[in-house]
Protein chains: 2
Amino acid sequence: MAEKLTIRDIARLAGVSKATVSRVLNQKPDVDPATRERILRVMEEQGFVPNIAASGLAGGRSRLLGALIPSLTWPLIPELMRGVGEVVGATPYELILYSINDVNHEKDRSDIISRIVRTRLVSGLLAVFPGPSAKYLAALHSRSFPVLLIDDQGIPPENTPWISVDNRVGAYEATRHLIRLGHRRIAHIQGPLKYQVSHDRYRGYCDALEEAGIPLDPALVLEGDFMPQTGRACANAFFDLPPERRPTAIFAGSDYMAYGAIAAAEQRGLRVPDDVAVVGFDDNPSSAHMEPPLTTVRQPFYEMGRRAAEMLLAFVEASRMMHHPSQNGQFASVTPSAAVFDPPVRVKMPTSLIIRASCGASRHLHSPSEQGGGDRSR
Amino acid sequence: MAEKLTIRDIARLAGVSKATVSRVLNQKPDVDPATRERILRVMEEQGFVPNIAASGLAGGRSRLLGALIPSLTWPLIPELMRGVGEVVGATPYELILYSINDVNHEKDRSDIISRIVRTRLVSGLLAVFPGPSAKYLAALHSRSFPVLLIDDQGIPPENTPWISVDNRVGAYEATRHLIRLGHRRIAHIQGPLKYQVSHDRYRGYCDALEEAGIPLDPALVLEGDFMPQTGRACANAFFDLPPERRPTAIFAGSDYMAYGAIAAAEQRGLRVPDDVAVVGFDDNPSSAHMEPPLTTVRQPFYEMGRRAAEMLLAFVEASRMMHHPSQNGQFASVTPSAAVFDPPVRVKMPTSLIIRASCGASRHLHSPSEQGGGDRSR
DNA sequence: CTGAAAGCGCTTACAG
DNA sequence: CTGAAAGCGCTTACAG
C-alpha cells in the first residue's frame with residue numbers, strides 16, 4: 001500500500017519536475033500529450049492522490065464546500081442533503097457539515113459563520129434556512145464570497161443567490177383539488193405566522209377559494225405551529241363548530257399538523273376521508289405510511305439540493321476564475337457560462353400534489369369536477 | 001472587517017515572532033503568561049482565526065474528521081449525526097460528510113475510502129454501517145489510522161473500535177413485556193436474515209419465550225425486509241392461521257414493519273391493541289404519531305453518535321501524541337498505545353422499551369403479570 | 001512545452 | 001521563555 005506519496009515522488013518516477021505534475025493534476029493545457037500520459041500512468045500505478053489541504057493552501061482556494069444546516073433531524077434536511085451530496089460527490093469537491101441553529105432557529109449566527117469563513121477552509125457556503133443570519137450571508141456574498149441560500153422567508157437581501165419553493169402555488173393546487181372534489185367548506189390550519197411560508201400557503205389557499213367563488217370563512221382558518229399537537233387542537237376547534245359551519249375538508253400547512261387533524265377526527269369517530277378529507281404539506285417520508293395515506297404537497301427537496309449544489313459550485317468556480325482568469329473551467333458540467341453571476345440567481349422550485357387516500361380522491365375522481373359545488377356534507 | 005489576517009500579522013502587532021504566536025495558538029506550555037495574554041488580546045481584537053488547512057499541512061495532522069454514512073434519509077442517521085455533530089462542534093475539529101453506500105449497502109467501498117484516506121484531509125474516520133468495507137477499515141486502523149465503526153453486524157475484524165446496540169436484550173425486553181401483558185401467542189416478523197441484527201433480535205425473542213416456558217411456534221416467525229410492505233404481508237399470513245393458532249401479539253423487527261402489520265390488522269377489522277398487540281423496533285420519529293402510537297424499542301442513536309465522536313476524538317488525539325510525544329508527555333514514549341488503544345473499544349449500548357398504546361399496556365398494567373399465562377385470545 | 005524558485009500560512013525542532 | 005530557519009505538499013508566475 002502506497003505510503004505518503006507526494007507530487008515529488010511522482011515527478012521523480014516520471015522523470016519530470018513537480019511543476020509539470022502539478023500541471024497535469026490541474027488539467028492545464030500546454031502539456032505534451034506524451035508527458036501527460038506518462039505522468040498519469042505513474043500516478044495511477046502508485047495510487048497517488050494529491051493532498052487537498054496543500055493544494056488549497058498553495059492555490060489560495062480550497063476544494064471544500066460548507067453546508068450550514070439546522071437540525072438534521074428536521075425531516076426535509078436529509079432529503080436536501082442527499083441531493084447536495086450527490087452533486088458534490090461527482091466533483092473533486094468535498095462537503096463540510098456545519099450543523100448550527102440546532103436549538104434556536106431564530107438566532108443570528110453571524111459570529112459562527114464569520115469564524116467559518118475566516119478559517120478559509122471552505123470556498124463557498126450553502127445555507128439552509130439561515131433565518132436572521134441571512135443578512136450576514138448576503139454581505140459575505142456581496143464581498144464576493146460564494147454563498148447560496150435555501151430559504152422560504154421572502155426575498156433575500158442584496159441579490160444573494162437563493163432557492164425556494166413556490167409555496168403559494170402548492171397551497172393553491174392542494175385547495176383547488178379539494179374544491180374539484182366537491183368541497184365548499186375547506187378549513188386551513190396555518191403554520192406559525194412568523195414564517196413567511198405560512199403566509200404564502202395561506203395566500204394560495206385564499207386564491208383557490210376566490211377563484212371558485214367560495215367566500216372565505218375566518219372561522220375555518222386557525223394558526224398552528226407545524227406540530228401534530230396543534231393540528232389536533234385546530235381540527236377539534238373546527239369539529240366543535242355548529243354542523244352547518246363545519247368543514248368537510250381540512251388543508252393543513254404541514255404533514256405533521258395533518259397527522260394531528262386525522263387523529264382528532266378518529267377520536268371523534270369521524271372517518272377520513274369519508275367524513276372529512278385531509279391534505280397536508282411537505283410529504284414527509286412517513287406520510288405514505290399513515291392510515292389513511294396522506295394526500296399532500298410534495299416539496300422537491302432532493303432536486304433543490306441538487307440545484308443548490310450546482311449553483312454554488314458554479315459560483316465557486318467563477319470566483320476562482322476571477323482570481324486566475326488564465327485557465328478555463330475544470331469541469332464543464334458545472335461551469336455553465338461566463339455569466340454565472342447573472343440571473344437566474346433566484347430559483348423558485350415547483351411543488352407537486354401527491355394524491356393519496358386521505359382526500360378521498362379515488363372515490364370522487366369519476367364525477368366531473370365542474371359540478372357547481374353543492375354542499376357535500378353528509 | 002478583517003481581511004486575510006495571518007499569524008505574521010498577529011506576531012507583528014504583538015511584537016513577537018510567528019513561532020510564539022503559534023505556541024499560544026496550540027496551547028503549548030512555556031510561554032510567558034504576560035506574552036500569552038498580549039497575543040491573545042491582539043488575536044481577539046483582530047478577530048484572527050488560523051487557517052486550518054495550513055496548520056494541518058505544517059503539523060502533519062488535520063483537524064478534520066470524516067463521517068462515512070449510508071443514506072442520510074435512513075431515519076436513524078440524522079439522529080446519530082446530531083450526537084456526532086454536537087460533540088465535534090464543541091472541539092476545534094470539523095466534520096466532513098462522506099455519503100457513500102447510498103445505492104447499495106452491500107457494496108465494498110474500499111476504493112472510495114482509500115482515496116479519502118490518501119487525500120490526508122481527515123485524521124480519523126467514523127463509519128456508520130460500513131458493510132463489507134468494515135474489513136478495509138479495520139486494516140486502516142491496524143495501520144494506526146484512527147477508525148471507529150458503528151455497526152450491528154457482529155464482531156468487527158481486528159479489534160477495530162466499535163459501537164453497537166444490544167439488539168438481543170432489546171428484543172428480549174419487548175417480548176417479555178408482551179408476555180407480562182398476558183400474551184402467549186406472540187408472533188415475530190424478522191428483519192432480513194442476511195443482517196446479523198435480525199438474528200440478534202430473533203434470539204432475544206426466543207430467550208424471552210423460553211424463560212416464560214412458552215414453546216416456540218415456527219408458524220409465528222416470518223422474515224420481512226424491514227419495510228412496511230412485508231410487515232403487512234407477514235401479518236396477513238399470521239391472521240390467515242386457524243383461530244387457535246393465531247397470534248394475539250406481533251413483535252416486528254422494525255417500526256416500518258410494525259406500521260405494515262397495523263395496517264393489515266385494520267384492513268381486517270382487527271383493532272390494535274384490543275384484538276392484536278403490536279410492538280416495533282427502532283422508535284422512528286413518526287412512531288409516536290401513528291394511530292395508535294407505537295410501542296417500540298428505542299435505539300439510542302443520539303447517544304451512540306456522541307459516544308462515537310468522543311471515542312474517535314480520543315483516538316485521533318492519541319495518535320497525534322504518538323507522533324509528537326514531546327508535548328504533554330502523559331503517555332510519552334513508554335507505551336503510547338496502552339492508555340487509549342485499549343478497552344473499552346467495544347461498546348454495546350442499551351436500548352429502552354418505549355411503551356405506547358399499540359401494545360395495550362395501559363389496559364393490562366393493573367392485572368398482575370404473574371397470572372400463569374392462560375390463553376387470552378378472545 | 002518545461003523547470004527552478006518563491007510562496008501559501010502554519011508548526012516544529014534547534015539554538016539560544 | 002523566545003526567535004530564526006526549515007519544511008509540510010502543492011501552485012504559480014517567471015524564464016526559458
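A note on names: the letters A, B, ... follow the listed sequences, proteins ahead of strands, and every chain is numbered from 1.
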Between B:Tyr136 and B:Arg109, is there a side-chain heavy-atom distance shorter than 4.5 Å?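 Not in contact.
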Is there a side-chain contact between B:Leu97 and B:Met81 in this structure, where contact means two heavy atoms from C-beta onward sitting under 4.5 Å apart?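 Side chain of B:Leu97 against side chain of B:Met81, heavy atoms only: contact under 4.5 Å found.
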Please state whether the phosphate of [N], meaning OP1 or OP2, lies under 4.0 angstrom from any side-chain nitrogen or oxygen of [X].
X: A:Arg63; N: D:dT11; value: no
X: A:Thr6; N: D:dG9; value: no
X: A:Thr35; N: C:dT2; value: yes
X: B:Thr20; N: D:dG3; value: yes
X: A:Arg120; N: C:dC10; value: no
X: B:Lys28; N: C:dT12; value: yes

Counting heavy atoms from C-beta on, name the nucleotide in [options] closest to the side chain of [X].
X: B:Ile7; options: D:dT11, D:dG3, C:dT11; answer: C:dT11
X: A:Arg23; options: D:dT12, C:dA13, C:dG3; answer: C:dG3
X: B:Phe48; options: D:dG3, D:dT11, C:dC10; answer: C:dC10
X: B:Ser55; options: D:dT2, D:dC8, C:dC10; answer: C:dC10

To the nearest Å, give me how far apart NZ (B:Lys18) and P (C:dT12) are.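 The distance from NZ of B:Lys18 to P of C:dT12 comes to 13 Å, rounded to the nearest Å.
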Length of the line joining A:Ile10:CD1 and D:dC10:P, which is rounded to integer Å: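 After rounding, the reported distance stands at 9 Å.
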Counting any heavy atom closer than 4.0 Å, what does A:Asn51 reach on the DNA or RNA strands: base, sugar-phosphate only, or nothing?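 Here A:Asn51 touches the backbone only, sparing every base.
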Describe the nucleic acid contact of A:Val21 in one word from base, sugar-phosphate, nothing, applying a heavy-atom distance below 4.0 Å.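 The residue A:Val21 makes no contact with any strand.
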C1' gap between D:dT12 and D:dG16, integer Å: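 Between the two C1' atoms, the distance is 16 Å.
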Start at the 5' end of DNA chain D and walk down; is the nucleotide closest to B:Ser17 or to B:Ala54 reached first?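 The residue closer to the strand's 5' end, by nearest nucleotide, is B:Ser17.
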Given DNA chain D, 5'-ward residue of the pair A:Arg8 and B:Val16, judged by closest heavy atom: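 Upstream on the strand: B:Val16.
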Applying the side chain to side chain contact (heavy atoms under 4.5 Å, CB included) criterion to A:Leu65, which one of A:Ile96, A:Leu125, A:Val316 satisfies it?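 Passing option: A:Val316.
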